[in-house]
K.L.:
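Could you have a look at this structure, given as structure tokens, before my questions?
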Amino acid sequence: MTHDDNNIKDIYSLDDELLDALDGMKDTQEPATELPDDDRTDARLTDILALAAAADCSRRNDDVEQRLQKILTHYAGKGQCGDAQTDGERQKDGDNGGRRRVWMMRVAMAAAACAALLTVMTMWRENSGAKTAETPQPVLFSIAQPEADVTVKAEDGERIAAEVTDDDELDVSSLPETAERIEVCVPQGEKLTVALPDGSKVFLHVGSRLKFPVRFVGSQRLVELKGQAYFVVAKDAEKPFVVKTERMTTRVLGTEFNVTAEGTAEDNVVLVSGSVSVAAAAQRILKPGERARIHAGGRLEVDEVDVTPYTSWRDGFIYYDDVTLKDLLLSIGHEYNCDVEFASPDLLDLKIHFVAERGEGVQGILDILNMMNIVTAELHGHKICVR
């Protein structure tokens, strides 16, 4: 028998037709003279064998399996009845008895075909379940971007040559005063501190952008932020320092605070010292150790927080307390411009406390993580693999 599509029918086009035919055959109580003719029996048995050979186990049908099992049980009974036939009965049947023996042989062949099909179906079910349980699909977070340098641009988009010190600090006094407002862009994997013309300093987190004037003029010192930055503002009672983001405005006279402005539900202002006013749909004045979070519609929610995570990154540390492994590794991925792959989804929600110096580099950070014996993290090119 071949597996040619023209000769073997698909299991799902055959199941009802053939199983109904088998049901009819197993229920036959006709005398020998009324047994199916050879051609008809041959055709049925050929189709049964084709059914077994063409079984598509990746689309197993439970109803088909149950019906095959029922027919197989009946065939076993038929075989036993045939073997119990007496010599007198065989002699009485004569030629019809011979035809019955041939038919019973074919029934045995059909039973074997059904048994083979049931066995394959059962093996597929067990192996498929085991394979699924043993090989969970990895979870990949695509973070890495093409490598780029810190860029300084004028408002018209023209790039401006700028001096960045060995300490990754941009001195605005080195910029041409012809550019009224400039934009500094920090790509992933890089860091930068901007020394503003009034003596304030802005620590820009990876992937952040800051717009500011080469010289502050007018009644306020206005800067615009996209991303995350830590501000150390020089005091000037006559000129408030204003940080404008997409969803809020923070106004200060002289203080230290952290602003996260990614345009998401995590946007917030955390006050470390001094006093700030945060305005969205409403306005709130914060005290040190308080955080203002922006919710839908610009609603502000104020709560008390530990400021350590917000000051530690400014000082060159990666600090996380009671966070999920997913959040920690995604942060490290952004810090060093790497994708992150978890071998199993079960690893994502592991809680962890972690502290390391950013200067260790990505491999050094992963070495420290591996020393905790919680997971194994390896660096492959620009991808961190966690298992």
K.L.:
Can you check whether Gln228's main-chain N or O pairs, donor with acceptor, with Ser208's side chain at less than 3.5 Å?
P.N.:
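Yes, because the side chain of Ser208 sits within donor-acceptor range (under 3.5 Å) of the backbone of Gln228.
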
K.L.:
Under 3.5 Å, is there a donor on one side chain and an acceptor on the other for Ser277 and Gln283?
P.N.:
yes

K.L.:
So which heavy atom on Glu163 is nearest to which on Leu170, and how close?
P.N.:
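Nearest pair, atom of Glu163 first, then Leu170: O-CD1, 3.4 Å.
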
K.L.:
For Asp167 and Thr165, which I'm curious about, is there any donor-acceptor pair between the side chains at under 3.5 Å?
P.N.:
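No.
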
K.L.:
Please report the closest heavy-atom contact between Pro288 and Val272, naming both atoms and the distance.
P.N.:
CB-O, 3.6 Å

K.L.:
Mind running salt bridge (Lys or Arg N to Asp or Glu O under 4.0 Å) on Glu266 and Arg293 for me, showing each step along the way?
P.N.:
CA-CA 7 Å; Glu266 298 300 319; Arg293 291 187 293 176; 5.6 Å; no

K.L.:
So with a 6.0 Å cut-off around CE of Met371, is the heavy-atom count from everything else above 12?
P.N.:
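Not buried by this count: 12 neighbours or fewer within 6.0 Å.
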
K.L.:
Using 4.0 Å as the upper bound for N to carboxylate O, is an ion pair formed by Lys211 and Glu155?
P.N.:
no

K.L.:
Is there a side-chain contact between Lys191 and Phe203 in this structure, where contact means two heavy atoms from C-beta onward sitting under 4.5 Å apart?
P.N.:
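No - every pair of side-chain heavy atoms lies 4.5 Å or more apart.
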
K.L.:
Decide, yes or no, whether a salt bridge links Asp349 with Lys326 under the criterion of side-chain N to carboxylate O below 4.0 Å.
P.N.:
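Looking at Asp349 and Lys326, the cut-off is not met.
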
K.L.:
Assess Arg221 against Phe212: is NZ or CZ under 6.0 Å from the centre of the six-membered ring, and within 45 degrees of the ring's axis?
P.N.:
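No, a cation-pi geometry is absent between Arg221 and Phe212.
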
K.L.:
Measure the NZ-CG distance between Lys287 and Leu271 for me, rounded to the nearest 0.5 Å.
P.N.:
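These two atoms lie 11.0 Å from each other.
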
K.L.:
Quick one: CD on Gln220 to NZ on Lys244, what's the gap to the nearest 0.5 Å?
P.N.:
9.5 Å

K.L.:
Distance alone, cut at 3.5 Å: any donor-acceptor contact between the side chains of Tyr230 and Thr311?
P.N.:
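No, no side-chain donor-acceptor pair sits under 3.5 Å.
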
K.L.:
Let me see the working for Leu286 and Ser275 under side chain to side chain contact (heavy atoms under 4.5 Å, CB included), right down to the final yes or no.
P.N.:
CA-CA 6 Å; Leu286 302 184; Ser275 177; over 6 Å; no

K.L.:
Would you say Val214 and Val243 are hydrophobically clustered, going by side-chain heavy atoms of ILVMFWY under 4.5 Å?
P.N.:
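Yes, Val214 and Val243 fall within the same hydrophobic cluster.
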
K.L.:
For Arg291 and Glu301, run salt bridge (Lys or Arg N to Asp or Glu O under 4.0 Å): C-alpha distance rounded to whole Å, both residues' side-chain angles, the deciding distance at 0.1 Å, then the answer.
P.N.:
CA-CA 8 Å; Arg291 173 181 62 181; Glu301 178 185 5; over 6 Å; no

K.L.:
Would you mind reporting whether Pro187 and Val150 have side-chain heavy atoms less than 4.5 Å apart?
P.N.:
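With C-beta onward as the side chain, the pair touches.
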
K.L.:
Tell me whether the count of non-hydrogen atoms from other residues, nucleotides or ligands lying under 6.0 Å of CZ in Arg247 goes above 12.
P.N.:
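Check passes, neighbour count above 12.
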
K.L.:
Kindly compute the distance separating CG (Asn258) from OG1 (Thr250), expressed to the nearest 0.5 Å.
P.N.:
10.5 Å

K.L.:
Donor-acceptor pair, Asp339 side chain versus Ala144 backbone, under 3.5 Å?
P.N.:
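At least one qualifying donor-acceptor pair exists.
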
K.L.:
Ignoring hydrogens and angles, state whether a donor on the side chain of Ser312 or Asp315 is under 3.5 Å from an acceptor on the partner side chain.
P.N.:
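No.
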
K.L.:
Taking side chain as C-beta onward, heavy atoms only, is Asp267 less than 4.5 Å from Glu262?
P.N.:
yes

K.L.:
Report the C-alpha separation of Ile160 and Ile182 in whole Å, then their side-chain angles, then the decisive distance to 0.1 Å, and conclude whether the side chain to side chain contact (heavy atoms under 4.5 Å, CB included) test is met.
P.N.:
CA-CA 9 Å; Ile160 300 174; Ile182 63 174; 3.8 Å; yes

K.L.:
Heavy-atom distance under 4.5 Å between the side chains of Leu348 and Phe141, does that happen here?
P.N.:
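They are in contact (side-chain heavy atoms under 4.5 Å apart), so the answer is yes.
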
K.L.:
I'd like to check the ring pair (Phe, Tyr, Trp, His ring centres under 6.0 Å) partners of Tyr319; sequence neighbours left out, ordered by chain and number.
P.N.:
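Partners of Tyr319 under the ring pair (Phe, Tyr, Trp, His ring centres under 6.0 Å) test: His353.
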
K.L.:
Give a yes or no answer on whether the side chain of Tyr336 reaches the backbone of Gln188 with a donor-acceptor pair at less than 3.5 Å.
P.N.:
no

K.L.:
Keeping the roles fixed (side chain from Thr324, backbone from Asp327), state whether a donor-acceptor pair exists under 3.5 Å.
P.N.:
yes

K.L.:
Is there a path of hydrophobic side-chain contacts, each under 4.5 Å between heavy atoms of I, L, V, M, F, W or Y residues, that connects Val186 with Phe317?
P.N.:
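The answer is no; the residues belong to distinct hydrophobic clusters.
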
K.L.:
Closer than 4.0 angstrom, basic N to acidic O: yes or no for Glu224 and Arg181?
P.N.:
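Yes, Glu224 and Arg181 are salt-bridged.
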
K.L.:
Indicate whether the side chain of His380 and that of Glu341 have a donor and an acceptor atom separated by less than 3.5 Å.
P.N.:
no

K.L.:
Could you walk me through whether Arg215 and Glu180 pass the salt bridge (Lys or Arg N to Asp or Glu O under 4.0 Å) test, one step at a time?
P.N.:
CA-CA 8 Å; Arg215 292 190 308 112; Glu180 294 184 0; over 6 Å; no

K.L.:
Is there a donor-acceptor contact under 3.5 Å from the side chain of Asn370 to the main chain of Leu366?
P.N.:
yes

K.L.:
Do Phe257 and Val269 come within less than 4.5 Å of each other through their side chains, counting heavy atoms only?
P.N.:
yes

K.L.:
Only one of Arg314, Glu335, His334 clears side chain to side chain donor-acceptor pair (under 3.5 Å) with His205; which?
P.N.:
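Among Arg314, Glu335, His334, the one that satisfies the side chain to side chain donor-acceptor pair (under 3.5 Å) with His205 is Glu335.
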
K.L.:
Measure across Ala195 and Val172 and return the closest heavy-atom pair with its distance rounded to 0.1 Å.
P.N.:
O-CG2, 3.0 Å

K.L.:
Is there side-chain contact between Val242 and Thr249, with heavy atoms separated by less than 4.5 Å?
P.N.:
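Side chain of Val242 against side chain of Thr249, heavy atoms only: contact under 4.5 Å found.
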
K.L.:
To the nearest 0.5 Å, what is the distance between SG on Cys385 and CG on Leu329?
P.N.:
10.5 Å

K.L.:
So which atom in Pro213 and which in Pro197 form the shortest heavy-atom distance, rounded to 0.1 Å?
P.N.:
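The pair with the smallest heavy-atom distance is O-CG, 4.0 Å.
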
K.L.:
So for atom NZ, which belongs to Lys226, do other residues, nucleotides or ligands contribute more than 12 heavy atoms lying within a distance under 6.0 Å?
P.N.:
yes

K.L.:
Got Val259 and Met248 here, is their nearest side-chain heavy-atom distance under 4.5 Å?
P.N.:
yes

K.L.:
Check the pair Ile365, Phe354 against side chain to side chain contact (heavy atoms under 4.5 Å, CB included), reporting the backbone distance first and the verdict last.
P.N.:
CA-CA 10 Å; Ile365 296 295; Phe354 185 82; 3.9 Å; yes

K.L.:
Please say which of Ile352, Leu369, Val386, Leu325 ends up in a side-chain contact (heavy atoms from CB on, under 4.5 Å) with Ile374.
P.N.:
Ile352

K.L.:
Walk me through it: do Phe231 and Ser200 pass the test side chain to side chain contact (heavy atoms under 4.5 Å, CB included)?
P.N.:
CA-CA 8 Å; Phe231 293 85; Ser200 300; over 6 Å; no

K.L.:
For residues Leu253 and Ala237, report the shortest heavy-atom separation together with the two atoms involved.
P.N.:
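Closest approach of Leu253 to Ala237: CD2-O, 4.1 Å.
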
K.L.:
Leu204 versus Leu225: any side-chain heavy-atom pair under 4.5 Å?
P.N.:
yes

K.L.:
Grab the two heavy atoms, one from Pro136 and one from Pro345, that are nearest each other, plus how far apart they are.
P.N.:
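What the structure gives for the nearest pair is CB-CD, 4.3 Å.
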
K.L.:
To the nearest 0.5 Å, what is the distance between CZ on Phe241 and CG on Asp198?
P.N.:
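Separation between the atoms: 6.0 Å.
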
K.L.:
Do Leu175 and Leu192 belong together in a cluster built from hydrophobic side chains that touch within less than 4.5 Å?
P.N.:
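Same cluster: Leu175 reaches Leu192 through Ile, Leu, Val, Met, Phe, Trp or Tyr contacts under 4.5 Å.
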
K.L.:
State whether the number of non-hydrogen atoms from other residues, nucleotides or ligands found under 6.0 Å of Asp156 atom CG is greater than 12.
P.N.:
yes

K.L.:
State the CH2-OG1 distance between Trp313 and Thr308, to the nearest 0.5 angstrom.
P.N.:
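Interatomic distance, Trp313 CH2 to Thr308 OG1, rounded to 0.5 Å: 15.0 Å.
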
K.L.:
Report yes or no: do Leu328 and Leu347 belong to one cluster of Ile/Leu/Val/Met/Phe/Trp/Tyr joined by side chain heavy-atom distances under 4.5 Å?
P.N.:
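Yes, Leu328 and Leu347 fall within the same hydrophobic cluster.
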
K.L.:
I'd like to know if Leu222 and Val278 are part of one continuous hydrophobic network [Ile/Leu/Val/Met/Phe/Trp/Tyr, side-chain heavy atoms within less than 4.5 Å].
P.N.:
no

